[in-house]
Amino acid sequence: MDPDLELISRALFCATAEATTVPELGMVISRQIAQLVPHDGYMLRGVDPLTGAACFLAKEHGYGATFYRALETEEILGHDRHTVAGLVRSACPVAVLESDAPDRQHSIQHEEIMNAAEVGSEMRVALTLKGMVWGVLVLLRGRGSRPFSTTDAVLAGRLSGPLAGTLRQYVAGRFLRPVRAAPAPGVVVIDSNDTIRAVTVTGREWVRRLVPENVTADEDEIFAHVWNIALAARQPGRQALSRIPGPDGWIVLQAQPLDESGPGGVAVTIQSASSDVLLPAAAVLYGITPREQMVIRRALDGLAVKQIARSLNLSLHTINDHFKAIYRKTGVNSREELISSLSR
């Protein structure tokens with residue numbers, strides 16, 4: 001890695017540790033990246049590494065909710081020329097688009113969005129680490145600015161892994177716990193035309209929690225995660241679930257079709273994440289082994305250490321070693337704290 005890249009990578013990890021909100025995370029990353037790849041605006045989209053569903057969004061001087069929905073739609077349907085999956089498979093996980101260059105244009109719809117936002121050049125970077133996707137970074141330059149070059153793309157591509165590690169670090173630091181003092185599960189019903197037909201009182205309360213308090217957003221942006229997870233539910237074989245790290249705990253969005261006969265209405269449920277939903281994510285975030293997951297599940301069932309040892313045919317010493325490893329990886333200090341962190 002080049003010296004500058006290494007310094008920026010280290011700075012990213014240090015600065016991210018100080019970020020307390022998604023907007024702060026976006027600003028930290030943008031500020032560090034700008035030292036190598038100057039830009040006028042950005043969009044940082046985090047994804048659930050297990051399902052690929054969007055789980056948070058930070059942006060500045062960039063596209064609005066229309067673009068965000070279009071990007072998600074094209075990605076999920078596989079119509080995007082530069083899908084995340086495609087970028088991951090390529091030699092360089094970066095794509096550069098320009099509104100005035102025919103060979104670098106994306107689509108008529110996307111060109112219209114770029115022109116409306118006065119964007120002349122766009123760069124997309126898939127953020128991957130050890131084969132797992134953690135997000136997408138979109139950098140923008142306005143009309144009149146120098147378009148992103150091949151050199152810019154190469155530099156951004158080299159930062160794909162460090163940036164993915166930064167997102168993983170941020171999400172892992174959100175405390176492994178479900179939302180405290182959570183309202184009852186909320187429901188949002190969306191019809192086949194993507195029109196919101198009904199929202200429960202608690203559904204609207206949950207949706208507001210998905211938007212940072214210090215961000216002013218219209219309804220399109222407020223309901224962006226809901227529309228995207230609903231779209232995923234219409235795709236056969238795709239898991240329509242997203243774990244979202246909120247300011248006071250983990251939120252889960254799940255969607256299922258109302259009519260199994262085709263791409264019709266969808267019901268989206270929003271609620272505090274349960275241990276069954278959190279544990280698989282914890283395994284990825286903290287490197288928890290399958291055996292350690294078995295120990296955690298039995299602890300959540302209320303088994304004492306001796307009972308866990310007996311059920312797994314292991315010694316007490318081995319079980320205690322597993323607990324110590326789990327505490328070290330997750331940052332909790334005791335069995336009680338671990339159970340509390342994964343329980344509603």
Side chains of [X] and [Y]: closer than 4.5 Å at any heavy-atom pair?
X: L44; Y: L127; result: yes
X: Q254; Y: I229; result: no
X: M123; Y: R141; result: no
X: L140; Y: D40; result: no
X: L167; Y: L25; result: yes
X: W206; Y: V268; result: no
X: V207; Y: V199; result: no

Drop me the distance from [X]'s [atom1] to [Y]'s [atom2], to the nearest 0.5 angstrom.
X: L163; Y: T128; atom1: CG; atom2: OG1; result: 10.0 Å
X: I244; Y: L253; atom1: CD1; atom2: CG; result: 4.5 Å
X: T289; Y: H322; atom1: OG1; atom2: NE2; result: 6.0 Å
X: R335; Y: F323; atom1: CZ; atom2: CZ; result: 4.5 Å
X: L137; Y: R124; atom1: CG; atom2: CZ; result: 12.0 Å
X: E292; Y: I319; atom1: CD; atom2: CD1; result: 10.5 Å

Minimum heavy-atom distance between [X] and [Y], given as atom pair plus value:
X: E60; Y: M27; value: OE1-CG, 4.1 Å
X: W250; Y: V171; value: CH2-CG1, 3.2 Å
X: R146; Y: D152; value: NH1-OD2, 3.4 Å
X: S341; Y: L278; value: O-CD1, 4.1 Å
X: A233; Y: P257; value: O-CG, 3.5 Å
X: G135; Y: V47; value: N-CG2, 3.7 Å

- Message: L231 vs D194, test: side chain to side chain contact (heavy atoms under 4.5 Å, CB included). Steps then yes/no.
- Response: CA-CA 9 Å; L231 179 62; D194 274 349; 5.6 Å; no
Test side-chain hydrogen bond (donor to acceptor under 3.5 Å, both in side chains) applied to [X] - qualifying residues, sequence neighbours left out:
X: R197; result: D191
X: S315; result: T318
X: Q307; result: none

N/O donor to acceptor pairs below 3.5 angstrom from side-chain atoms of residues 294-305, sequence neighbours left out:
unit_1, atom_1, unit_2, atom_2, d
R298, NE, S311, OG, 2.9
R298, NH1, M294, O, 3.4

Quick check against the 3.5 Å criterion: does [X] have a side-chain atom that pairs as donor or acceptor with the backbone of [Y]?
X: R234; Y: G264; answer: yes
X: E205; Y: V201; answer: no
X: Y286; Y: A172; answer: yes
X: R243; Y: D48; answer: no

Answer yes if [X] and [Y] sit in the same cluster of Ile, Leu, Val, Met, Phe, Trp and Tyr residues linked by side chain heavy atoms under 4.5 Å apart, and no otherwise.
X: I308; Y: L316; result: yes
X: V28; Y: L129; result: no
X: M132; Y: L159; result: yes

Which atom pairs, one a donor and one an acceptor, fall under 3.5 Å between side chains of residues 32-39 and the rest of the protein, sequence neighbours left out?
unit_1, atom_1, unit_2, atom_2, d
Q32, OE1, Q35, NE2, 2.9
H39, ND1, V37, O, 2.9
H39, NE2, S30, OG, 2.7

- Query: Are I270 and R209 close enough, and set up right, to give a side chain to side chain contact (heavy atoms under 4.5 Å, CB included), and what steps lead you there?
  - Reply: CA-CA 10 Å; I270 315 173; R209 291 188 179 214; over 6 Å; no
Review item, side-chain donor-acceptor pairs of residues 49-58, under 3.5 Å, at least two apart:
unit_1, atom_1, unit_2, atom_2, d
T51, OG1, A53, N, 3.3
T51, OG1, L241, O, 2.7

